[in-house]
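Input: a single structure, listed below in structure tokens.
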Amino acid sequence: MVTKTVIIKNRAGLHARPAALIVKKANEFDSDIYLELEDMKVNGKSIMGIITLGANYKAEITISADGEDENQAVDAIANLFENRFEEE
Amino acid sequence: MKEFTVLDLLNMDLKEHNTLNLKCIAGRKGLTREITDPELNRPGLTLSGFFDEFAFHRIQLFGKGEAAYISRLENQNKMESIEKMFTYHLSCCLFSNAHTPGPRFLELAEKSGCSVLQTDLSSAKISMRLLRALSNVFAPHKLIHGVLVEVFGIGILITGSSGVGKSESALELIERGHRLIADDSVELRNISGNILMGSGKDQVLGHHMEIRGLGIINVSYLFGVGSIRDRKQVQLVVELEDWDSEKVYDRLGSGDSTREILGVKIPLVIVPVKAGRNIPIIIETAAMNERLKKLGYYAAREFDQNVLKWLESKTARNLYFNSSDIF
């Protein structure tokens with residue numbers, strides 16, 4: 001199990017498009033992937049789940065993965081956050 | 001858990017017989033104070049100057065009696081106990097029966113930064129409704145990955161790993177006239193210790209589904225308001241899993257397996273998924289079977305008893321026909 005904490009850098013927060021990007025990336029890996037915000041923990045492979053977090057600008061998200069390719073999975077998803085999902 | 005403030009209490013979206021009819025009449029600064037205790041306190045003793053064991057962190061409910069006592073204190077110019085009460089960090093003061101306390105009370109509240117709320121309901125009604133609403137807020141809760149549907153009146157939580165076909169099964173159930181409560185993220189609350197209530201996390205996101213290949217759809221627009229529900233008690237858990245030829249599945253249905261969620265035991269059905277198996281129909285049947293069980297009819301048990309009876313009568317008959325005695 002690997003975890004990593006990231007901060008949302010794009011102004012609009014986790015809306016539908018970033019959520020879709022995360023899910024697309026997460027589905028490339030076999031590991032179970034979760035995103036956590038405060039007391040909510042959702043499946044990283046489900047769009048509605050990620051949107052349910054209601055994560056806005058500067059929110060702190062903990063990404064966790066469990067499985068064979070857990071390291072690559074966490075890094076790849078953290079990378080999306082770093083790149084602001086190619087947004088403002 | 002996130003802080004629950006007085007402002008959150010005012011903003012609670014309750015309907016009809018649950019509404020609290022609250023408004024803030026003074027001490028707006030105090031709206032950001034946190035409510036930490038789901039109970040109420042009637043501060044009669046406090047007003048008379050007895051401060052031992054004063055439950056100041058609770059919501060202070062002033063009924064007709066307390067309100068009358070305050071106006072007498074104000075008239076007699078004996079404000080010491082009220083002044084002392086406001087030195088405590090009260091969560092908020094609440095007046096029932098639309099009573100407005102005197103200006104000096106409000107002034108003291110304003111000064112100490114404690115909000116004063118008012119409702120037109122009677123003390124008995126407001127305390128009942130407040131306790132109900134607060135016990136909901138303070139109930140242990142958890143966000144679960146799954147779909148909650150109502151099938152023939154039974155709340156069914158469909159769980160299983162990502163991509164096993166939860167949403168697709170739910171979609172077909174909706175198409176067949178059943179109702180969706182929440183897709184993907186279901187918020188479960190343990191109410192009064194033995195009831196598990198499920199709802200969507202947020203009204204804004206409610207009743208949308210993500211179907212692979214279609215994207216996000218709005219169920220209430222597509223299938224009408226008859227196909228949705230805001231909340232429902234979870235009465236059955238259906239777990240979908242990929243068919244495993246090695247695994248032994250329940251063939252009789254007499255085993256009462258349960259899943260414990262937030263301390264509540266819910267009947268569990270594990271359904272293996274394989275091409276050619278119509279999952280929605282299996283779920284529908286599981287729901288009807290659950291209803292029968294609630295009515296006291298256990299198909300598997302009844303069947304077993306009938307078989308036993310039949311075997312018994314057969315042995316008895318054989319005994320009779322094969323005996324050499326002539327009756």
Side-chain angles (χ1 to χ4, degrees), chain A residues 1-3 8 12-70 72-74 76-77 80 85, chain B residues 1-4 137-149 157-168 170-171 180-190 198-220 240-242 261-262:
Chain A
M1 172 107 156
V2 182
T3 62
I8 297 182
L14 279 190
H15 56 102
R17 206 188 66 90
L21 282 176
I22 294 173
V23 169
K24 205 172 139 196
K25 190 56 90 185
N27 272 312
E28 291 173 15
F29 301 95
D30 292 329
S31 302
D32 290 328
I33 298 167
Y34 296 97
L35 300 189
E36 262 179 277
L37 173 69
E38 286 154 14
D39 60 342
M40 291 176 281
K41 185 173 182 176
V42 299
N43 193 318
K45 293 183 181 175
S46 110
I47 290 195
M48 290 304 287
I50 293 174
I51 296 174
T52 309
L53 286 178
N56 42 14
Y57 180 49
K58 285 190 175 166
E60 214 178 82
I61 305 270
T62 307
I63 308 164
S64 60
D66 196 6
E68 295 258 308
D69 47 9
E70 51 191 28
Q72 297 94 306
V74 168
I77 289 171
L80 289 174
F85 308 101
Chain B
M1 196 181 123
K2 242 181 161 172
E3 260 186 17
F4 185 77
V137 171
F138 286 88
H141 59 103
K142 192 177 175 186
L143 203 62
I144 261 192
H145 182 60
V147 189
L148 183 60
V149 283
L157 180 69
I158 307 173
T159 61
S161 55
S162 190
V164 78
K166 295 183 295 291
S167 295
E168 286 76 4
L171 187 63
L180 174 77
I181 292 98
D183 176 45
D184 222 276
S185 299
V186 185
E187 184 161 70
L188 299 173
R189 282 178 186 279
N190 175 345
S199 62
K201 174 76 191 160
D202 199 297
Q203 292 284 321
V204 183
L205 309 167
H207 310 124
H208 285 74
M209 289 181 96
E210 191 232 340
I211 301 292
R212 253 148 263 212
L214 287 182
I216 291 172
I217 59 167
N218 186 334
V219 172
S220 63
L240 303 183
E241 61 173 38
D242 287 320
I261 305 173
L262 292 171

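Within every chain, numbering begins at 1; the chains are lettered A, B, ... in the order of the sequence lines, protein sequences first and strands thereafter. No experiment lies behind these values; they were computed from the predicted model shown. Only this structure's heavy atoms are used, side chains among them; waters, hydrogens and symmetry mates stay out.
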*Heavy-atom check, side chain of A:Thr52 versus side chain of B:Glu187, under 4.5 Å*: no
*Which distance, rounded to the nearest 0.5 Å, do you find between the CG of B:Asp183 and the CD1 of A:Ile47?*
11.0 Å
*Does the side chain of B:Ile216 reach to within under 4.5 Å of the side chain of A:Ile51, using non-hydrogen atoms?*
yes
*A:Lys41, part contacting chain B, at a heavy-atom distance under 4.5 Å*: backbone
*asked:* So for atom CD, which belongs to A:Gln72, do other residues, nucleotides or ligands contribute more than 12 heavy atoms lying within a distance under 6.0 Å?
replied: yes
*Of all heavy-atom pairs between A:Gly49 and B:Ser185, which one has the smallest distance, and what is that distance?*
CA-OG, 3.2 Å
*Pairwise distance CE(A:Met48) to CD1(B:Ile211) - rounded to 0.5 angstrom*: 10.5 Å
_Residue selection (most heavy-atom pairs with chain A, distance under 4.5 Å) from B:His145, B:Lys142, B:Met209, B:Lys201_ = B:His145
*asked:* Just verifying a value: how many Å separate A:Asp39 CG and B:Leu143 CG, rounded to the nearest 0.5 Å?
replied: 8.5 Å
*Could you tell me the separation between the CD1 atom of A:Ile50 and the CD atom of B:Glu210, rounded to the nearest 0.5 Å?*
9.5 Å
